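Excluded from the calculations below are hydrogen atoms, water molecules and symmetry mates; all remaining heavy atoms, backbone and side chain alike, are included. Numbers restart at 1 for each chain; the letters A, B, ... are given by sequence-line order, proteins then strands. For clarity, every value in this text was computed on a predicted model and none was experimentally measured.
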There are 2 protein chains.
Amino acid sequence: MEPTTDLLERPLPASPAASDLAAAVEGLTTLLRTLPLRPAISLTAASTLRTLDHDGPLRLSDLAVRERVTQPAMTQLVTRLERDGLAERRADPLDARVVLVGITAGGAALLRERRAARTAQLDGLIATLPAADRERILAATPALLRLAEAAPAAG
Amino acid sequence: MEPTTDLLERPLPASPAASDLAAAVEGLTTLLRTLPLRPAISLTAASTLRTLDHDGPLRLSDLAVRERVTQPAMTQLVTRLERDGLAERRADPLDARVVLVGITAGGAALLRERRAARTAQLDGLIATLPAADRERILAATPALLRLAEAAPAAG
DNA sequence: TATTGTTATACTCTATAACTATA
DNA sequence: TATAGTTATAGAGTATAACAATA
């Protein structure tokens with residue numbers, strides 16, 4: 001890939017409104033949702049598996065908070081993940097009310113496969129863009145991750 | 001806002017993988033979905049209304065293709081939009097099989113209100129980010145819109 | 001026959017309210 | 001009483017398959 005400095009020193013476009021960003025996110029959501037990945041699991045299921053993979057076993061209620069769904073919604077999602085062999089319920093030896101949710105080896109493997117396949121597909125799409133677009137998207141990705149994480153603090 | 005050149009001349013981070021972009025999009029999707037907008041309508045419903053607002057009355061089947069859902073799914077969505085007074089079915093005088101779907105005045109008004117409210121909320125979140133993040137996000141937004149539109153050609 | 005749209009059916013995903021079990 | 005989780009119920013949103021109406 002070319003050096004990035006020349007591209008980014010060019011004059012920037014006039015500041016697009018946040019509504020453009022929102023429209024872009026909606027379009028990209030459709031894009032991600034329609035990428036041909038087998039098996040097809042929901043964005044929430046994938047996000048929950050990533051959280052479990054990264055931050056180890058979590059209480060079901062903590063998981064619900066982190067994924068911004070209600071406790072009953074998480075109960076159902078975990079039930080589906082368990083049915084599919086991707087996650088499992090464990091008992092908390094210290095508090096019998098608590099359900100600890102952990103990812104299974106199968107769940108972790110699925111996550112790796114999907115990540116690799118989707119990255120390849122998304123890379124393919126990004127490669128069709130002009131170099132300046134590619135540079136700006138790559139440069140903005142860490143900032144977009146931080147924006148996505150800014151929501152809990154603001155909510 | 002500050003001049004952008006100083007910020008963007010700084011060294012860029014190492015190229016993040018497309019999987020980071022995908023993770024950011026998923027997080028932003030959750031963010032958009034959880035922004036407090038009344039009434040709450042789905043991303044698909046909002047996108048469909050935008051399409052109708054922008055490109056006038058469309059055949060139901062064309063609408064399904066453009067929104068990347070099946071014909072039955074669009075039938076149901078249009079039924080809900082019609083029930084809520086946001087869209088309406090019209091007859092095509094040239095072909096009695098065809099259903100033309102148009103946005104109503106109420107639908108267009110809702111779109112304007114939501115766009116304004118969401119832009120304000122998203123602007124508020126973006127304002128909490130470091131200046132460098134803000135600049136990169138704004139600089140990348142047009143490119144992200146083009147990426148979202150690259151999907152149909154690639155699919 | 002082919003096209004356009006709807007209906008039938010089923011599953012995911014979400015919510016609120018009511019409930020059970022444990023602390 | 002309070003907390004953790006489940007069950008009950010309802011609705012949005014999605015799909016495939018079967019159907020009706022029109023071309």
Side-chain angles (χ1 to χ4, degrees), chain A residues 26 29-49 51 57-84 86-102 110 155, chain B residues 26 29-49 51 57-102 110:
Chain A
E26 288 179 15
T29 299
T30 298
L31 191 161
L32 288 184
R33 187 161 44 79
T34 56
L35 283 181
L37 288 180
R38 301 304 165 100
I41 65 177
S42 73
L43 295 181
T44 306
S47 173
T48 299
L49 282 180
T51 298
L58 287 169
R59 291 156 71 120
L60 191 142
S61 50
D62 288 345
L63 206 46
V65 169
R66 291 176 66 146
E67 299 298 328
R68 313 244 203 117
V69 298
T70 60
Q71 211 172 53
M74 186 51 69
T75 288
Q76 290 194 28
L77 174 55
V78 169
T79 298
R80 287 190 299 271
L81 292 174
E82 201 165 32
R83 179 204 58 192
D84 296 339
L86 306 176
E88 62 187 8
R89 285 177 166 88
R90 304 168 190 167
D92 183 338
L94 302 177
D95 188 337
R97 295 172 303 179
V98 168
V99 166
L100 293 177
V101 184
L110 179 72
Chain B
E26 288 179 16
T29 299
T30 298
L31 191 162
L32 289 184
R33 186 161 42 80
T34 56
L35 284 181
L37 289 180
R38 299 307 164 102
I41 65 176
S42 72
L43 296 182
T44 306
S47 173
T48 300
L49 282 179
T51 298
L58 288 169
R59 292 155 68 119
L60 191 142
S61 50
D62 288 345
L63 205 47
V65 169
R66 291 176 66 144
E67 299 298 327
R68 313 245 202 119
V69 297
T70 60
Q71 212 171 53
M74 186 51 70
T75 289
Q76 290 193 28
L77 174 55
V78 169
T79 298
R80 287 191 299 270
L81 293 174
E82 200 166 33
R83 179 203 59 192
D84 297 339
L86 305 176
E88 62 187 8
R89 284 178 165 88
R90 303 167 191 166
D92 183 338
L94 301 177
D95 187 337
R97 296 172 303 179
V98 168
V99 167
L100 293 176
V101 184
L110 179 71

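Following rounding to the nearest Å, D95(B) (CG) and dA2(C) (C1') show an atom-to-atom distance of 12 Å. Between the CE atom of M74(B) and the C1' atom of dT7(C) there is a distance of 17 Å, given to the nearest Å. As a whole-Å value, the separation of R97(B) CZ from dT4(C) C1' is 6 Å. A straight line from CZ of R68(A) to P of dA15(C) spans 12 Å, rounded to a whole angstrom. Residue Q71(A) contributes atom CD, which lies 13 Å from atom C1' of dC19(C) at whole-angstrom precision.
Defined by atom type and a distance below 3.5 Å, a donor-acceptor pair is missing between the side-chain atoms of T48(A) and R66(A). In this model, no donor atom of one side chain and acceptor atom of the other lie less than 3.5 Å apart for E67(B) and T44(B).
Rounding to the nearest 0.5 Å gives a distance of 5.5 Å between CG of L63(B) and CG of L58(B). Separating the CG atom in L49(B) from the CD1 atom in I41(B) is a distance of 5.0 Å, to the nearest 0.5 Å.
Here chain B contacts DNA chain D (any atom closer than 4.0 Å to a heavy atom, that is under 4.0 Å), and the contacts span dA12(D) to dA23(D) from 5' to 3'.
Salt bridge annotation for E88(A)-R90(A): present, with a cationic side-chain nitrogen under 4.0 angstrom from a carboxylate oxygen.
Counting heavy atoms from C-beta on, the side chains of R89(B) and T75(B) come closer than 4.5 Å. Annotation: side chain of V99(A) is in contact with side chain of V101(A) (closest heavy-atom distance under 4.5 Å).
At a threshold of 4.0 angstrom between heavy atoms, the contacts of S61(B) are confined to the sugar-phosphate backbone, with no base atom among them.
For dT12(C), one of the phosphate oxygens OP1 or OP2 lies less than 4.0 angstrom from a side-chain nitrogen or oxygen of R83(A).
Each of dT22(C), dT16(C), dT7(C) was ranked by its minimum atom distance to the side chain of P72(B); first place goes to dT7(C).
Listed by residue number, T75(B), Q76(B) are the residues of residues 75-82 of chain B with a heavy-atom contact under 4.0 Å to DNA chain C.
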